[in-house]
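Quick notes on the structure that follows.
Start at 1 and go down the list; that is how both ligands and their atoms are numbered.
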Amino acid sequence: MRAALIPAAGSGTRLGQGPKAFVEVAGVSLLARSVAALAPLVDEVLVALPAGMDLPPGLPVRAVEGGATRQESVARLLAATRADVVLVHDAARPFLPGGVVRALLAAVAETGAATVALPVADTLVRGEGDLWAGGVPREGLWAVQTPQAFRRELLWRAHAAAQAEGVSATDDAGLVARLGVPVRLVPGDARLFKVTTPGDLALAGALARVWDAEAR
Ligand code: CTP
Ligand code: MG
């Protein structure tokens, strides 16, 4: 059995339009878009919502109350499922191609831990204030996206270890990698960008016109 776990309990501070999962792009919320992409490919969908927010009607999901951090929200989602494989996906990444999910599921069946990621294409540089302080070779570097998939027991162990050691991370693959477990990198997709700033929301609005017109 497979479950999709969607952390959607953030406050959307950088976007500045209230809790981000409820922000709409072309009339459909970021959360509803993520749910629509995942629901056909898993047995159940669980969503972590901000405290005091109700589940929008019509979504085929179970809701839990999120925590103070993304990591805490994922831990609560994990505690609420018995599925043997879990996919963790940010509500803030509304354009999730089905082919990416299928490739991720194939990878997790082989390795027990896998994340979608994009090879870095831009030149990278370290800054000191606003000054160029040295280039960073981009060879072998990937930008990590979601979804990420794990055998549930493995992600559970990773969260327990992180909590016991006071470690925090912005994603789950990093917590699993800390255990010394190999994490497979599955090529992601530029459309999987995280809606973080007002500029990202403008991009999302433009992409939605094409995305929503395609049969999927
Ligand atoms: N998230 C969560 N619980 C939290 C914080 C974040 O479930 N306590 C979720 C967000 O809802 C989002 C994902 O984690 O789907 C990635 O987080 P981010 O992009 O940082 O969203 P926000 O925390 O809402 O945005 P900001 O950091 O700008 O406030
Ligand atoms: Mg955040």
Side-chain angles (χ1 to χ4, degrees), residues 3-25 28-39 42 44-56 59-81 83 86-97 100-101 104 115-118 142-150 152 155-156 158-159 162-163 166-176 188-205 207-208 211:
L5 309 182
I6 304 182
S11 51
T13 312
R14 285 167 290 180
L15 188 58
Q17 299 195 18
K20 200 159 65 182
F22 299 89
V23 171
E24 293 186 354
V25 172
V28 184
S29 70
L30 299 185
L31 176 60
R33 289 179 178 275
S34 292
V35 170
L38 284 163
V42 298
E44 65 171 357
V45 181
L46 278 74
V47 176
L49 295 177
M53 302 272 311
D54 285 333
L55 195 60
L59 291 184
V61 306
R62 271 202 286 144
V64 305
E65 186 174 315
T69 62
R70 181 187 185 281
Q71 189 169 320
E72 232 177 277
S73 294
V74 173
R76 291 181 182 197
L77 288 163
L78 256 182
T81 181
V86 295
L87 273 84
V88 184
H89 180 62
D90 291 330
R93 300 177 188 271
F95 303 107
L96 172 54
V100 169
V101 180
L104 183 71
T115 182
V116 171
L118 266 188
W142 298 64
V144 175
Q145 301 180 317
T146 76
Q148 306 187 333
F150 312 93
R152 178 175 54 89
L155 187 58
W156 183 263
H159 272 261
Q163 203 193 351
V167 168
S168 59
T170 50
D171 84 316
D172 297 283
L175 296 182
V176 169
D189 193 300
R191 293 169 294 180
L192 261 173
F193 69 95
K194 183 157 69 71
V195 175
T196 304
T197 63
D200 296 328
L201 192 62
L203 272 180
L207 178 53
W211 185 272

Fill in: Positive for side-chain contact (heavy atoms from CB on, under 4.5 Å) with Leu96, one of Leu192, Asp90, Asp189
Leu192

Worksheet item: Checking side chain to side chain donor-acceptor pair (under 3.5 Å) against Asp171, which of Arg70, Gln148, Gln145, Gln71 comes through?
Response: Gln148

Fill in: Non-neighbouring partners of Arg152 that pass salt bridge (Lys or Arg N to Asp or Glu O under 4.0 Å), sequence neighbours left out
none

Worksheet item: Rounded to the nearest 0.5 Å, how far apart are CZ of Phe193 and CG of Leu203?
Response: 5.0 Å

For residues 9-18, dump all side-chain donor-acceptor pairs below 3.5 Å to protein atoms at least two apart in sequence or in another chain.
from, atom 1, to, atom 2, distance (Å)
Ser11, OG, Thr13, OG1, 3.3

Just list the side-chain donor-acceptor pairs under 3.5 Å for residues 29-38, sequence neighbours left out, or say none.
from, atom 1, to, atom 2, distance (Å)
Ser29, OG, Ala32, N, 3.0
Arg33, NE, Val25, O, 3.4
Arg33, NH1, Asp212, OD1, 2.9
Arg33, NH2, Val25, O, 2.7
Arg33, NH2, Asp212, OD2, 2.9
Ser34, OG, Leu30, O, 3.4
Ser34, OG, Ala91, O, 3.3
Ser34, OG, Arg93, O, 3.4

Response to the item:
Expected contact list for ligand 1 at under 4.0 angstrom, heavy-atom basis, is Pro7, Ala8, Ala9, Gly10, Ser11, Gly12, Thr13, Arg14, Lys20, Gly67, Ala68, Thr69, Arg70, Ser73, Asp90, Ala91, Ala92, Lys194

